[in-house]
Amino acid sequence: DEAALADPYAKPDPRFVEDVSVALRHVASSLLTGPEKGLSSLKSDLQTAPEGRKAAVAASLDYLRLRVSVPRDMSYPAARQFRAHLQHVMDNL
């Protein structure tokens, strides 16, 4: 059986690696310190990025959010928190 959301042909776009990395650091920070503390720094880190770049970062985070596997990657409660924090960052790009 193949996972419904598996995409063995997906290729990363190197133009957005740094922006996605910044966004994922904000996800990690919000998991550790709470979602509101990281919002101002997220906005300042990505404020100069054009809308197309923000859309690409959001699409990358959404791709990850949809593919987190329970229980392989993490427990169900941890996955719920991770997905929620990914969504929170996506909503605030």
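Numbers for residues simply follow the sequence, beginning at 1. All heavy atoms count here, side chains included; hydrogens, waters and symmetry mates do not. In this text the structure is predicted, and so the values were computed from the model without any measurement.
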Would you please name every residue forming a side chain to side chain contact (heavy atoms under 4.5 Å, CB included) with Y76, sequence neighbours left out?
-> V70, R80

Pairs touching residues 81-91 that satisfy side chain to side chain donor-acceptor pair (under 3.5 Å), sequence neighbours left out = R65-Q87, Q87-D91

Rounded to the nearest 0.5 Å, how far does CG of L31 lie from NE2 of H26?
-> 13.0 Å

Residue pair A23 / L61: nearest heavy atoms and the distance that separates them = CB-CD1, 4.0 Å

Tell me, do D73 and F82 make a side-chain contact under 4.5 Å, heavy atoms counted?
-> no

Mind running side chain to side chain contact (heavy atoms under 4.5 Å, CB included) on L86 and D62 for me, showing each step along the way?
-> CA-CA 8 Å; L86 283 169; D62 192 47; over 6 Å; no

Name the atoms and distances for all side-chain donor-acceptor pairs under 3.5 Å in residues 49-60, with sequence neighbours left out.
{"unit_1": "R53", "atom_1": "NE", "unit_2": "D19", "atom_2": "OD2", "d": "2.6"}
{"unit_1": "R53", "atom_1": "NH2", "unit_2": "R15", "atom_2": "O", "d": "3.0"}
{"unit_1": "R53", "atom_1": "NH2", "unit_2": "D19", "atom_2": "OD2", "d": "3.2"}
{"unit_1": "S60", "atom_1": "OG", "unit_2": "A56", "atom_2": "O", "d": "3.0"}

R25 side chain to S21 side chain, donor-acceptor N/O pair below 3.5 angstrom = yes

So if you build clusters from Ile, Leu, Val, Met, Phe, Trp, Tyr with side-chain heavy-atom gaps below 4.5 Å, do L24 and M74 land together?
-> yes

